[in-house]
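Lettering follows sequence order; numbering is per chain, from 1.
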Amino acid sequence: MAEKTTTAYAPAAVESKWQRRWEQRGTNLFTDQALRDPRDPFYNLMMYPYPSAEGLHVGNIYAFTGADVHGRYWRLRGKTVFEPIGFDAFGIHSENYALKLGVHPLDLIPRNIANFTRQLRRIGGMFDWNHTVDTTDPLYYKWTQWIFVQLYKGGLAERKKAPVNWCPSCKTVLANEQVIAGRCERCETVVELRYIEQWFFKITQYAQQLLDNLQHIDWSESTKRLQENWIGRSEGADLVFPLADPGARAAAGSGVRFNADREALRVFTTRPDTIFGATYMVLAPEHPLVDRVTSPEHRSEVEAYRLQAQQTDLVTRRKAEKQKTGVFTGGHCINPATGRAIPIWIADYVLMEYGTGAIMAVPGHDERDFEFAAEFGLPIVRVVAGPGDTAESPFAAAYVGDGALVHSGRFDGMAVEPAKRAIVDWLAEQELAEHRVHYRLNDWCISRQRYWGPPIPVIYCDACGALPVPENQLPVELPYVDDFRPHESGVSPLARVEGWYRTTCPECGGEARRETDVSDTVLDSSWYFLRYPSAAKNDVPFDADLTRTWLPVDSYIGGNEHAVLHLLYARFITMALHDMGHLDFAEPFTKFRAHGLIIREGAKMSKSRGNVIIPDEIIERYGADTFRLYLMFLGPFEQGGDYRDEGIQGPHGFLHRLWDTVMPVDQLEEGEPEPEIERKLHTTIRQVTEQVADLQYNTAIAALMEYLNLVRAGGRRARRSEVESLVLLIAPFAPHLAEELWERLGHEGGLFEHASWPAFDPDKARHDTVEIAVQVNGKLRSVVSLPAGSSQDEVVRVARADDRIRRYLDEGSVRRIVFVPDRLLNVVVSERG
RNA sequence: GCGAAAGUGGCGGAAUGGCAGACGCGCGAGACUUAGGAUCUCGUGGCUCCGGCCGUGGGGGUUCGAGUCCCCCCUUUCGCACCA
């Protein structure tokens with residue numbers, strides 16, 4: 001009796017065996033030389049995780065598995081796939097957690113990274129552990145600082161005092177993108193407005209390019225839409241409203257005249273066509289000209305309102321969408337279109353951050369202005385007549401639609417769109433207007449008054465001013481500080497470390513101080529993909545040859561929650577480095593796909609709900625292959641899925657059956673596949689090949705299940721030739737199991753190193769007989785079986801012979817026949833009676 | 001309010017304008033077993049007078065034929081939100 005070869009499928013044993021073997025063989029590792037000379041390189045990137053103390057969550061694993069399946073697939077199709085992973089370990093989140101635990105982040109983070117590494121290995125990702133990054137490693141953030149210096153030199157970094165979002169709980173500044181509905185995205189504390197000296201990157205200089213390039217990059221539409229909205233381009237005009245001299249009201253209608261100093265209010269509008277209906281002006285309370293326009297008798301009221309606005313936090317101010325408030329300044333300016341003097345108000349519904357911080361109010365055609373005018377009894381003039389309106393039609397609400405201009409002098413009768421241009425052109429002749437584009441995007445504030453980040457590499461000298469740290473002095477190392485707590489005053493923890501911040505000026509050698517703020521974590525991740533191929537090199541941030549070979553990234557997979565932070569800023573940094581000659585491409589990610597979100601039993605997962613999935617437990621019970629396969633089977637990868645605990649049985653049973661089908665290898669039958677099975681095999685190869693390339697994993701897996709069902713139908717025993725390809729097709733999803741079966745089938749040296757993806761043969765997929773649906777008047781009445789390629793006449797003849805069809809044809813005359821070869825016949829007959 | 005996506009069995013989800021519900025979960029019946037995830041076979045949208053009829057959020061339309069295309073409406077989710 002031969003040695004027993006049948007053993008039950010034991011995922012844990014199979015998986016640890018292959019993980020060990022991949023490691024020993026360096027299956028997924030690149031040497032520097034191998035990276036320099038790849039055949040058909042494919043850079044398969046996924047968003048690197050933030051190494052929390054809780055370990056990988058199922059969302060991480062979902063994303064990584066989806067990306068890994070893609071990478072393994074392309075590897076089997078012959079590409080050289082570089083699939084790196086790293087750790088985004090700086091930032092407020094880690095720091096807060098360390099504070100909570102009373103552990104120093106320098107102790108905490110390495111522990112978390114070790115745990116993450118263990119978990120990442122366990123799920124069977126094809127990661128190149130020779131090329132990882134850790135953003136907290138001085139060898140990494142040296143180059144983050146280098147990027148700051150490059151942007152500084154390129155004129156893209158500036159220091160300015162600016163209103164910023166201050167989180168009183170995190171005790172730091174937040175980027176606009178980190179403020180959600182007026183609250184801190186991390187701790188949900190109400191954000192305050194503060195005026196602090198900050199470092200900004202001038203991303204607004206790239207607004208148009210960031211927008212334009214969206215046209216040609218292959219990204220998920222949803223992501224592109226988010227970026228488009230965030231950039232927020234508005235086309236309109238800047239209009240000039242000259243300030244009226246005191247007492248100008250008396251001179252109403254006397255034409256446009258500047259005062260002696262030619263003072264004016266500048267407003268941005270997208271509706272210059274409605275300028276004849278501008279009956280008052282509104283300035284943001286913080287507007288610099290408020291003092292200038294306020295008359296003595298209104299001063300106290302104006303001051304009180306400004307103070308109130310200043311003290312109101314952003315949430316209350318922004319959410320006060322019901323009641324409009326504001327006060328009259330006593331000042332007036334001239335509407336350049338009508339020549340009339342109109343009053344100037346201040347109100348907090350006008351924001352200093354957008355446009356010019358001032359508006360012309362057209363209550364007839366703007367909802368907010370209408371509301372305000374109604375509240376304060378200001379005049380409302382109709383200047384656009386919609387369909388069915390006359391010039392004198394009364395308003396129930398602002399009319400914002402299209403129509404013909406009225407009460408607009410020589411522009412009466414013009415439609416809204418042409419009038420926009422005509423009016424701006426007319427005013428431009430008098431230098432009172434210019435066409436203008438505004439963006440909602442603001443410059444990127446990168447300063448953080450915290451400890452756990454790369455120090456911003458700047459030195460302040462009383463004599464020489466602010467200077468970047470010379471590149472040969474990088475990195476500016478983050479010192480080990482026992483007391484790293486943030487402070488309410490906004491003074492950074494590093495400002496308390498005198499021995500660290502005192503330094504000498506690189507210019508004059510005199511006494512100088514270091515910048516004590518650290519940079520935003522998002523800067524770390526704005527270039528990490530450039531670092532991976534060059535991770536082993538310490539003399540440059542990214543090696544020119546390696547970068548040319550591997551970048552831009554071929555495939556990037558990640559979550560849409562990073563659409564406007566990471567993904568937009570990474571594009572900006574890449575463009576900036578490109579323009580400064582450091583890169584020869586301007587877009588970092590040729591293709592980006594956003595994956596969906598995993599929910600559980602129809603509900604969002606959260607710690608507070610107590611319904612999070614613990615990956616380690618699932619993997620221990622079912623194995624990584626089953627977990628991977630189930631996650632990919634849940635639903636369309638780009639839409640996410642609903643994780644139901646019982647559902648894992650399906651993919652688990654499938655892998656067991658696959659094992660049982662192949663496993664007594666010496667009992668597999670030899671010979672060609674049975675014809676029906678071979679046809680199914682080749683249609684399956686075609687479907688899986690197409691769908692895995694397109695991330696349609698759930699249906700690809702369904703096709704594999706269908707095929708195995710057919711192979712095993714009725715307790716049938718498989719032939720070797722029927723299952724070998726199947727093992728390869730499942731390999732991207734269940735790499736360990738596939739390797740094991742492949743080896744047991746007698747192949748040496750490893751599936752991912754030596755095997756290649758099965759080829760689809762259209763001849764073998766072809767069916768001799770086809771089932772043709774037969775309809776009468778569009779309703780299915782029968783199905784007939786005929787040789788493939790049968791003509792319409794033949795099909796009609798067979799159909800007519802069918803009882804179920806004849807019944808319907810007897811009583812009516814055939815009026816028309818629709819024939820779709822090999823698929824369908826529709827006989828249209830006259831309705832009876 | 002603006003923008004985007006989506007509404008299909010008990011559930012997750014399939015369907016180049018051409019047989020709606022693939023695949024899986026769950027459930028039902030049976031078989032073989034009975035120590036772990038068992039495995040196998042058959043069935044499983046609703047109604048039915050067993051001829052069929054009705055079914056993809058609702059209402060219209062185009063078409064020989066609509067889950068799919070067009071128009072209107074409803075609901076849900078996700079962004080953005082006094083952005084001038």
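The same atom, C1', is picked in B:U63 and in B:C53; the two are 23 Å apart, to the nearest Å. Nucleotides B:G30 and B:C19 place their C1' atoms 30 Å apart, quoted to the nearest Å. B:U68 and B:G18 have their C1' atoms separated by 11 Å, given to the nearest Å. Here the separation of B:C42 from B:C49, taken at their P atoms, is 29 Å to the nearest Å. As rounded to the nearest Å, B:G43 and B:G36 have C1' atoms that lie 29 Å from one another. Between B:G67 and B:U56, the two P atoms lie 7 Å apart (nearest whole Å). On the C1' atoms, B:C11 is 34 Å away from B:G61, given to the nearest whole Å. Comparing B:C74 with B:G57, their C1' atoms are spaced 7 Å from each other, to the whole Å.
Taking the side chain of A:Tyr354 as heavy atoms from C-beta on, and the options B:C19, B:A84, B:G12, the nearest nucleotide is B:A84. Of the listed nucleotides (B:G24, B:A22, B:A4), B:A4 has the atom at the smallest distance from the side chain of A:Arg225. The A:Asn229 side chain lies nearest to B:G3 when the options are B:G37, B:G3, B:C19. Set against B:A14, B:C25, B:U16, the side chain of A:Asn698 has B:A14 as its closest nucleotide. For A:Pro651, the side-chain atoms get nearest to B:G24 when compared with the rest of B:G24, B:G18, B:A14.
Two rings, from A:Tyr569 and A:His562, have their centers 6.0 Å or more apart. You'll find the ring centres of A:Phe376 and A:Phe372 inside the 6.0 Å limit. With ring centers used as reference points, A:Tyr62 lies under 6.0 Å from A:Phe637. Separation of the A:Tyr697 and A:Phe733 ring centroids falls under the 6.0 Å cut-off. Under the 6.0 Å cut-off for aromatic ring centres, A:Tyr643 and A:Tyr630 qualify, their centroids lying closer than that.
Rounded to an integer number of Å, the gap from CD of A:Gln649 to C1' of B:U39 is 13 Å. Here B:G24 presents its P atom at 12 Å from CD1 of A:Ile701, a figure rounded to the nearest Å. Per the geometry, NE2 belonging to A:His595 stands 19 Å off P belonging to B:A5, to the nearest Å. A:Ile648 has its CD1 atom 12 Å from the P atom of B:C25, to the nearest Å. Rounded to whole Å, the distance from CG on A:Leu565 to P on B:G79 is 13 Å. In this entry the distance linking CG of A:Asp366 with P of B:A84 reads 9 Å, nearest Å. Remark: C1' of B:A84 and CZ of A:Arg436 are 14 Å apart, rounded to the nearest angstrom.
Between A:Arg816 and A:Asn826 the shortest side-chain heavy-atom distance does not fall below 4.5 Å. Side-chain contact between A:Val240 and A:Pro336: absent, with no pair of heavy atoms (C-beta onward) separated by less than 4.5 Å.
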What does the list of N/O pairs under 3.5 Å between the protein and nucleotides 6-11 of chain B look like, with a distance for each?
from: B:C11; atom 1: O2'; to: A:Arg644; atom 2: NE; distance (Å): 3.2

Write down the protein N/O and nucleotide N/O pairs, taken from nucleotides 40-50 of chain B, whose separation is under 3.5 Å; answer none if there are no such pairs.
from: B:C40; atom 1: OP1; to: A:Arg712; atom 2: NH2; distance (Å): 3.0

Between protein and nucleic acid, restricted to nucleotides 30-33 of chain B and to nitrogen or oxygen atoms under 3.5 Å apart, what atom pairs and distances do you find?
none

What are the atom names and distances for every N/O pair under 3.5 Å that joins the protein to nucleotides 53-57 of chain B?
from: B:C53; atom 1: OP1; to: A:Arg781; atom 2: NH2; distance (Å): 3.4
from: B:C53; atom 1: OP2; to: A:Arg781; atom 2: NH1; distance (Å): 3.2
from: B:C54; atom 1: OP2; to: A:Lys779; atom 2: NZ; distance (Å): 3.1

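A salt bridge links A:Glu221 with A:Arg225: the distance from a Lys NZ or Arg NE/NH1/NH2 to an Asp or Glu carboxylate oxygen falls below 4.0 Å. Salt bridge annotation for A:Lys324-A:Glu371: present, with a cationic side-chain nitrogen under 4.0 angstrom from a carboxylate oxygen. Contact check on A:Arg781 versus A:Asp802 returns no salt bridge, with no Lys/Arg side-chain nitrogen under 4.0 Å from an Asp/Glu carboxylate oxygen. Salt-bridge check for A:Arg266 with A:Glu434: passed, with a basic side-chain N closer than 4.0 Å to an acidic carboxylate O. The pair A:Glu706-A:Lys680 meets the salt-bridge criterion, since a charged nitrogen lies less than 4.0 angstrom from a carboxylate oxygen. The existence of a salt bridge linking A:Arg593 and A:Asp218 is confirmed by a sub-4.0 Å separation between a basic side-chain nitrogen and an acidic carboxylate oxygen.
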- Whether each nucleotide of nucleotides 61-78 of chain B has a protein heavy atom under 4.0 Å at its base (B), only at its sugar-phosphate (S) or at neither (-) is summarised, 5' to 3', as ---B-------------S
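Side-chain polar atoms of A:Asn560 and A:Ser222 form a donor-acceptor pair below 3.5 angstrom. For the residue pair A:Tyr354 / A:Ser234, a side-chain donor-acceptor distance below 3.5 Å is found, with atom types taken as modelled. No hydrogens or angles considered: nothing links the side chains of A:Thr683 and A:Tyr707 as a donor-acceptor pair under 3.5 Å. For the residue pair A:Asn335 / A:Tyr280, no side-chain donor-acceptor distance below 3.5 Å is found, with atom types taken as modelled.
Residues A:Arg621 and A:Gly635 both approach RNA chain B. Their nearest nucleotides, taken by heavy-atom distance, put A:Gly635 toward the 5′ side. In this structure, A:Ser222 and A:Glu367 both approach RNA chain B, and ranking their closest nucleotides by distance from the 5' end singles out A:Glu367.
Base pairing in RNA chain B gives the following stems of 3 or more Watson-Crick or G-U pairs, range against range and under 3.5 Å: B:1-7 with B:74-80, B:10-12 with B:23-25, B:26-31 with B:39-44, B:45-47 with B:52-54, B:57-61 with B:69-73.
OP1 or OP2 of B:G37 has not a single side-chain nitrogen or oxygen of A:Tyr622 nearer than 4.0 Å. A sub-4.0 Å separation between OP1 or OP2 of B:A84 and a side-chain N or O of A:Ser234 is present.
Between A:His652 and A:Tyr9, the angle of the ring planes lies from 30° to 60°, which puts this pair in the tilted group.
Within the 4.0 angstrom heavy-atom criterion, no nucleotide atom of any strand lies near A:Glu221. Counting non-hydrogen atoms under 4.0 angstrom, A:Pro636 reaches the backbone sugars and phosphates but no base. At the heavy-atom level, A:Thr269 lies under 4.0 Å from the strands shown only through sugar-phosphate atoms.
Judged by ring centres under 5.5 Å apart and planes tilted less than 30 degrees, A:His652 fails to stack against the six-membered base ring of B:G37.
More than 90° away from 0 lies the glycosidic angle of B:G30, which makes this nucleotide anti.
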